[in-house]
Number of protein chains: 2
Amino acid sequence: MASSVRSESAAPPLLDAFRRYLREHNLPVTSQRELVADVIFASTGHLSADDIERVLRARGAHVGKATVYRTLDLLAESGMITPRDFGEGFRRFERAPGRRHHEHLICMRCGKVVEFVNERLERMKALIAEEYGFRHHHHRLEIFGTCPECQQRDGVAPPPSGSR
Amino acid sequence: MASSVRSESAAPPLLDAFRRYLREHNLPVTSQRELVADVIFASTGHLSADDIERVLRARGAHVGKATVYRTLDLLAESGMITPRDFGEGFRRFERAPGRRHHEHLICMRCGKVVEFVNERLERMKALIAEEYGFRHHHHRLEIFGTCPECQQRDGVAPPPSGSR
DNA sequence: TTTCCTGCAAATCGTTTGCATTAAA
DNA sequence: TTTAATGCAAACGATTTGCAGGAAA
């Protein structure tokens, strides 16, 4: 009833890659794992474990929270998703492959998250690590502020060069 | 027995500022609040609530964990300390006043935290927020990697321009 | 079959809260 | 006195774990 993730037509490439990963590591390919992976691969956003459980329930599938977490661990270990911590007290997860490394702009009013890439910033961070003798592994940058919409809603004129 | 934080000689300026803050807000100046504030003001590091409780116990003072947390809230509201989230699953707190805004380099091996300031980075972040129409409030940058000492310990040659 | 999962509930861990007691103003 | 803080323990919310029953290989 609540199973078989798209058996017809070609399976989505990400899901296929996950299946391959599981097989290569001698881990069973279960319907729950496919369901969880499918939800996060189909989204471009930043989902919490709760979000994922909610989506699955809405689809009529029932996957226990423990299994959701266990599958997210697997997906993170495989490098196919990236955990994010926006300081909310819980983690969010986003699809990783095919996406460049990026940073986040977070609206403190409405919670909207905008992703951005800045080459100069990337280079600068590598240089800073080097300056202190550190071998750079990864980094995390989050800018918190108020998005244009919320500024307008609050009756505050948006900053001048608002290009978007 | 376990009380009175330096009644002799001039009280440390930060502690005095905290007392002033409390009075201005009609909040009682209690010995527990002074004890907790004293610990974090005396440290230049990044302390967890647990660290603080441990230091106090070592000093023979007994302050309940709830009170530690409540006092940390007050100190953060007053702007005298800054909460930090290094993705460890709990918060750390550091002394804020008299210190410029800075970022963190974190060693993934030994946990050492090195602080740094970079003007160009600061300006760039303001510009990026502006570019997306965001009103910049604050940001957070952490670079994770391996510190020079741990690189040597692991028998890996440190990067070329290792100035320190 | 053997092995590894899944689901559930109980356990953890950092943090918060309710409430009777106690201290500051 | 009046008001607010403290300490303890219970409550919380996200995440993890133990274990009996149930699918993958």
Side-chain angles (χ1 to χ4, degrees), chain A residues 1-5 7 18-37 39-40 46-54 56-57 60-78 81 83-93, chain B residues 1-5 7 18-37 39-40 46-54 56-57 60-78 81 83-93:
Chain A
M1 267 203 89
S3 58
S4 97
V5 179
S7 45
F18 184 46
R19 289 198 186 109
R20 219 173 305 126
Y21 174 87
L22 291 173
R23 287 197 204 97
E24 281 168 9
H25 291 254
N26 295 310
L27 298 168
V29 177
T30 67
S31 63
Q32 289 91 332
R33 286 174 175 173
E34 292 186 322
L35 284 163
V36 171
V39 170
I40 199 149
H46 307 80
L47 305 175
S48 64
D50 233 51
D51 290 338
I52 293 169
E53 211 191 11
R54 200 171 303 117
L56 288 173
R57 191 168 302 138
H62 195 55
V63 179
K65 193 162 288 186
T67 301
V68 170
Y69 277 108
R70 286 187 277 232
T71 305
L72 287 171
D73 282 346
L74 281 174
L75 286 161
E77 278 161 28
S78 78
I81 69 172
R84 299 283 183 187
D85 178 359
F86 294 154
E88 300 170 294
F90 56 88
R91 283 173 297 163
R92 292 181 177 277
F93 300 82
Chain B
M1 259 216 90
S3 57
S4 98
V5 178
S7 43
F18 184 45
R19 290 197 185 110
R20 217 174 305 127
Y21 175 86
L22 291 172
R23 288 199 202 95
E24 280 167 9
H25 292 256
N26 294 312
L27 297 168
V29 177
T30 66
S31 63
Q32 288 89 335
R33 284 174 176 172
E34 294 187 323
L35 284 163
V36 171
V39 169
I40 199 150
H46 308 79
L47 304 176
S48 64
D50 233 51
D51 291 337
I52 293 169
E53 211 193 10
R54 201 171 302 119
L56 288 173
R57 189 168 304 137
H62 196 53
V63 179
K65 193 161 289 186
T67 301
V68 171
Y69 276 108
R70 286 186 277 230
T71 304
L72 287 170
D73 283 346
L74 280 175
L75 286 162
E77 278 161 29
S78 78
I81 67 172
R84 300 283 181 185
D85 177 0
F86 293 153
E88 300 169 294
F90 56 88
R91 284 173 294 163
R92 291 179 177 277
F93 302 82

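Here is how names work: the chains are called A, B, and so on, in the same order as the sequence lines, proteins then strands, and each is numbered from 1. Quantities reported herein were computed from a predicted structural model and do not represent experimental measurements.
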Less than 4.0 angstrom between a side-chain N/O of [X] and OP1 or OP2 of [N], yes or no?
{"X": "B:Arg91", "N": "C:dG14", "answer": "no"}
{"X": "B:Gln32", "N": "D:dG7", "answer": "yes"}
{"X": "A:Ser48", "N": "D:dA14", "answer": "no"}
{"X": "A:Thr67", "N": "C:dG7", "answer": "yes"}

Could you check which of [options] has an atom nearest any side-chain atom of [X]?
{"X": "A:Tyr69", "options": "D:dA14, D:dG7, C:dC8", "answer": "D:dA14"}
{"X": "A:Leu27", "options": "C:dT15, C:dC5, D:dT17", "answer": "C:dC5"}
{"X": "A:Pro28", "options": "D:dA24, C:dG7, C:dT6", "answer": "D:dA24"}
{"X": "A:Ala66", "options": "D:dA5, C:dC5, C:dC8", "answer": "C:dC8"}
{"X": "B:Arg70", "options": "C:dA25, D:dA14, C:dG18", "answer": "C:dG18"}
{"X": "B:Phe90", "options": "D:dT16, C:dG14, D:dT15", "answer": "C:dG14"}

Whole angstroms only, please: what is the [atom1]-[atom2] distance between [X] and [N]?
{"X": "A:Leu22", "N": "D:dA23", "atom1": "CG", "atom2": "P", "result": "19 Å"}
{"X": "A:Lys65", "N": "D:dA14", "atom1": "NZ", "atom2": "P", "result": "7 Å"}
{"X": "B:Glu53", "N": "C:dG14", "atom1": "CD", "atom2": "P", "result": "11 Å"}
{"X": "B:Leu74", "N": "D:dA4", "atom1": "CG", "atom2": "C1'", "result": "12 Å"}
{"X": "B:Asp73", "N": "C:dT15", "atom1": "CG", "atom2": "C1'", "result": "10 Å"}
{"X": "A:Phe93", "N": "D:dA14", "atom1": "CZ", "atom2": "P", "result": "13 Å"}
{"X": "B:Arg92", "N": "C:dT15", "atom1": "CZ", "atom2": "C1'", "result": "16 Å"}
{"X": "B:His25", "N": "C:dA24", "atom1": "NE2", "atom2": "P", "result": "21 Å"}

Problem - Polar side-chain atom of B:Asp51 near backbone of B:Ser48 as donor-acceptor pair, under 3.5 Å - result: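 Yes: the side chain of B:Asp51 pairs with the backbone of B:Ser48.
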Handout entry: Under 3.5 Å donor-acceptor, A:Arg33 side chain and A:Pro28 backbone
Key =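 Yes: the side chain of A:Arg33 pairs with the backbone of A:Pro28.
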Problem - 4.5 Å side-chain heavy-atom contact, B:Thr67 and B:Val36 - result: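 No, their side chains stay 4.5 Å or more apart.
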Exercise for the section: Answer yes or no: is there an ion pair linking B:Arg20 with B:Glu24, defined by an N-O contact shorter than 4.0 Å? Expected result: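 Looking at B:Arg20 and B:Glu24, the cut-off is not met.
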Practice task
Using heavy atoms to find the nearest nucleotide of DNA chain D for A:Gly89 and B:Asn26 separately, return the residue whose nucleotide is more 5′.
Solution key: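 Looking at DNA chain D, the more 5' nearest nucleotide goes with B:Asn26.
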Problem - Distance, nearest 0.5 Å, that separates CG of B:Leu47 from CZ of B:Arg91 - result: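 With rounding to 0.5 Å, CG (B:Leu47) is 13.5 Å from CZ (B:Arg91).
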